[in-house]
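Working notes, beginning with the structure itself.
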Amino acid sequence: MVIERQPCVLVVEDEFLTALLVEEALAEAGIRVLGPAAKLDQAVELAGADGVDAALLDVELAGGDEVFPAAEVLAERNIPFAFVSSCPRDRVEDRCGARPMLSKPFRDREVQALTAK
């Protein structure tokens with residue numbers, strides 16, 4: 001009997017309700033959520049965890065921190081990631097190149113489509 005491993009997506013989001021919406025959308029698609037991480041140190045630590053298949057990252061975190069150090073860890077590990085944020089796209093492209101980006105507010109199916117890629 002072969003047991004399929006459920007894909008795992010790291011969620012970095014400091015707004016509780018937004019994190020909850022992302023978690024619910026991913027759960028509906030059969031995806032396990034790691035996190036959500038609300039602080040940069042948590043995000044960096046979880047970005048280095050085993051079993052992470054992909055990540056959805058908010059750019060601006062609590063305390064004025066930006067998520068880019070965690071994005072760098074993911075990029076070094078060749079783990080795909082996308083941004084879910086209300087910040088301007090060019091701010092992300094300047095730091096991380098052409099990564100997928102979903103603007104807030106979003107729909108469940110948009111979050112699910114990002115993780116299906």
Side-chain angles (χ1 to χ4, degrees):
M1 179 172 161
V2 176
I3 298 174
E4 274 191 48
R5 184 172 91 59
Q6 194 176 19
C8 177
V9 173
L10 167 62
V11 174
V12 178
E13 174 61 60
D14 64 333
E15 294 178 27
F16 175 77
L17 291 177
T18 302
L20 186 62
L21 291 172
V22 171
E23 281 184 279
E24 288 176 357
L26 295 176
E28 284 178 18
I31 296 170
R32 185 171 57 91
V33 171
L34 179 61
K39 296 183 179 183
L40 181 58
D41 60 341
Q42 294 172 312
V44 170
E45 180 180 341
L46 293 176
D50 289 336
V52 176
D53 298 306
L56 297 176
L57 312 174
D58 185 11
V59 174
E60 297 173 339
L61 302 176
D65 290 326
E66 293 183 328
V67 76
F68 299 117
E72 290 170 4
V73 171
L74 294 164
E76 288 171 6
R77 298 182 64 209
N78 293 317
I79 296 173
F81 62 92
F83 295 97
V84 179
S85 183
S86 56
C87 79
R89 178 177 286 283
D90 61 349
R91 187 164 146 211
V92 171
E93 289 176 353
D94 288 347
R95 297 288 302 265
C96 290
R99 296 285 177 168
M101 185 166 174
L102 179 61
S103 294
K104 294 177 185 176
F106 55 82
R107 293 191 167 100
D108 287 358
R109 69 176 181 268
E110 293 172 313
V111 171
Q112 294 164 346
L114 270 181
T115 59
K117 293 180 180 181

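The heavy-atom pair separating D14 from A38 by the smallest distance is CB-O, 3.5 Å. When all heavy atoms are compared, the tightest approach of P7 to G30 is CD-O, 3.9 Å. Annotation for G35 and E23: closest pair O-OE2, 4.3 Å, computed over non-hydrogen atoms. A70 approaches V44 most closely through the heavy-atom pair N-CG2, 3.8 Å. Closest non-hydrogen pair, G48 versus V73, comes out as N-CG1, 3.9 Å.
Considering V22, I79, I31, V111 in turn, I31 is the only one that fulfils the side-chain contact (heavy atoms from CB on, under 4.5 Å) rule with V9.
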Checking side chain to side chain contact (heavy atoms under 4.5 Å, CB included) for the pair L74/L57: CA distance, chi angles, key distance, verdict? CA-CA 11 Å; L74 294 164; L57 312 174; 4.0 Å; yes

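For the pair R99 and F81, the cation-pi test (distance below 6.0 Å, angle within 45°) is passed.
Counting heavy atoms from C-beta outward, V52 and L46 have side chains that stay 4.5 Å or more apart. Side-chain contact between L26 and L56 is present, with heavy atoms from C-beta onward closer than 4.5 Å. With contacts defined as side-chain heavy-atom distances shorter than 4.5 Å, the pair T18/D58 does not qualify.
Of the inter-residue distances, the one linking L61 atom CG with F68 atom CZ reads 10.0 Å to the nearest 0.5 angstrom. Considering CG of L34 and CG of D50, their distance stands at 11.0 Å, rounded to 0.5 Å.
In E45, the CD atom is not crowded: 12 or fewer heavy atoms of neighbouring residues, nucleotides or ligands sit closer than 6.0 Å. Counting heavy-atom neighbours within 6.0 Å of R77 CZ, excluding the residue itself, gives a total above 12.
Side-chain atoms of E13 come within 3.5 Å of backbone atoms of E15 as a donor-acceptor pair (strictly under, hydrogens ignored). Remark: the backbone N or O of C8 is paired with a side-chain donor or acceptor of D53 at under 3.5 angstrom.
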